[in-house]
Amino acid sequence: MTSRKRKELDPAILTRMERLESTIIDYTEARSAIRTGFDDQEKIQDRRAQIMKRFRASQADWDDYHWQLKHRLTTVDALMKIIPLSTEDRLAVNRVAGQFRFAISPYYASLIDPANIDCPIRLQSVPSESELLPDGDLDPMDEAGSSPVPGVTRRYPDRLIIKVTNQCGMYCRFCQRRRLIGETDHHVAQSVLTGALAYIRQHQEIRDVLLTGGDALMLSDEQLDRLLCELRQIEHVEIIRIGSRTPVTLPQRITPDLVQILKKYQPLYVNTHFNSPAEITPESKQACERLADAGIPLGNQMVLLNGVNNRPMVVRKLNHELLKMRVKPYYIFHAKQVRGTSRFWVRLEEGLEIMESLRGYTSGMAIPTYIVNGTGGLGKTPLLPNYLLYIGREKAVFRNWEGQIFEIENKVRPNHRSAR
Ligand SMILES: *Cc1c(COP(=O)(O)O)cnc(C)c1O
């Protein structure tokens, strides 16, 4: 277009473009204040050096997930050396740990900002006094009641989950399965896996199997290889999914060897669990990219958490950062009313406001589905701001993302036969 022509641009188009630009100014301003782990690399590197010194660890140790797992912080004394804890904090951590244990990988601990009491990494990983409050249920989803054989939860016709371990790189303070985390790490017994596989073999309608836990990638390479191999031999299992927070809390787990194993069993999907832009680091990015490079599609299942991510701009930024690492935002879960997690609960209106702030303002690629889990095991239920204002025999009326109203006809012509 010549400059002469540009000058003649229809004023209505100009006004429209200006209006569009005005709807993103708030995000452009907020975005730079929301820090990722990339923005804070210098501080993180300093803290990492301190932690490594304390453990007399080499870089090779740090990069080895076995080392990370073995050196998870699991006691108040260990924790105190890494982050400041008041006397009250210390008592609280001890009291809570007796009921719901904690364990934080040195890597994830290095992301905690000691200067910020509301650090989203700290909130997710360090026990708080509030976990002793009596609100909520230990098993609000009645997983125990949806289990046809040990280790399996089946709530839907064509897919199910196998819980393969109770171990994680870090025990989230809002965990929905905290009742299963127990006192010690253990993978499920081989007999349980054998039973689960037999159940799937007997049920032709199961076309999608999810391995979860705990964290499914806590199994050793050999154990995973064996289990995936057996699953792949079941013809009606079309896709396999792995649920793992290791790209976030223990990215060292995503080794080239592991990726080679997973690659053999495609179509295989990995769903991970980033909750905060602060979790986006060079290490987590490399972990996601290794999986994506191997042709493994990645999804993200965020949990909406008070103090961590219950702000529209934080979620938008997180989702943009995820897409840059080839992770597709898949779900936002409304936090379940699990015992001892009430400090994380938010109102449904906050989730709806977040959904409203995404549609139209950013690409559909960055928009996950907001899900409320039906209590008692009634399943995932989507929740959406209301865009349909009226639906009748003749027409339907909508509002668009900006609040403009439009209508479409809602009838078929009588001279067309219904194709059903
Ligand atoms: C979440 C879940 C699934 C998977 O649901 P999708 O919507 O397919 O991702 C399957 N089984 C159980 C028991 C679940 O809780």
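Indexing begins at 1, ligand by ligand and atom by atom, following the structure's order.
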What are the polar N/O contacts of ligand 1 with the protein below 3.5 Å, with distances?
from     : atom 1 : to     : atom 2 : distance (Å)
ligand 1 : 5 (O)  : Lys380 : NZ     : 3.2
ligand 1 : 7 (O)  : Tyr331 : OH     : 2.5
ligand 1 : 8 (O)  : Arg159 : NE     : 2.7
ligand 1 : 8 (O)  : Arg241 : NH2    : 2.8
ligand 1 : 9 (O)  : Arg241 : NH1    : 2.9
ligand 1 : 9 (O)  : Arg241 : NH2    : 3.4
ligand 1 : 9 (O)  : Tyr330 : OH     : 2.7
ligand 1 : 15 (O) : Lys380 : NZ     : 3.4

Legend entry - Distance-only polar pair, side chains of Asp63 and Gln252, donor-acceptor under 3.5 Å: no

Inset, instruction - Any pair with a residue in residues 370-380 that passes side-chain hydrogen bond (donor to acceptor under 3.5 Å, both in side chains), sequence neighbours left out, goes on the list, sorted by first then second residue, please. - result: His334-Tyr370

Inset, instruction - List the steps, then state whether salt bridge (charged side-chain N to carboxylate O under 4.0 Å, His left out) holds for Glu283 with Arg48. - result: CA-CA 13 Å; Glu283 289 84 355; Arg48 168 187 309 185; 2.5 Å; yes

Legend entry - Under 3.5 Å: donor-acceptor pair, side chain of Arg232, backbone of Val237: yes

Legend entry - Arg316 NZ/CZ over Tyr27 ring centroid, <6.0 Å and within 45° of normal: yes

Legend entry - Polar side chain donor-acceptor pair, Glu279 to Gln124, under 3.5 angstrom: yes

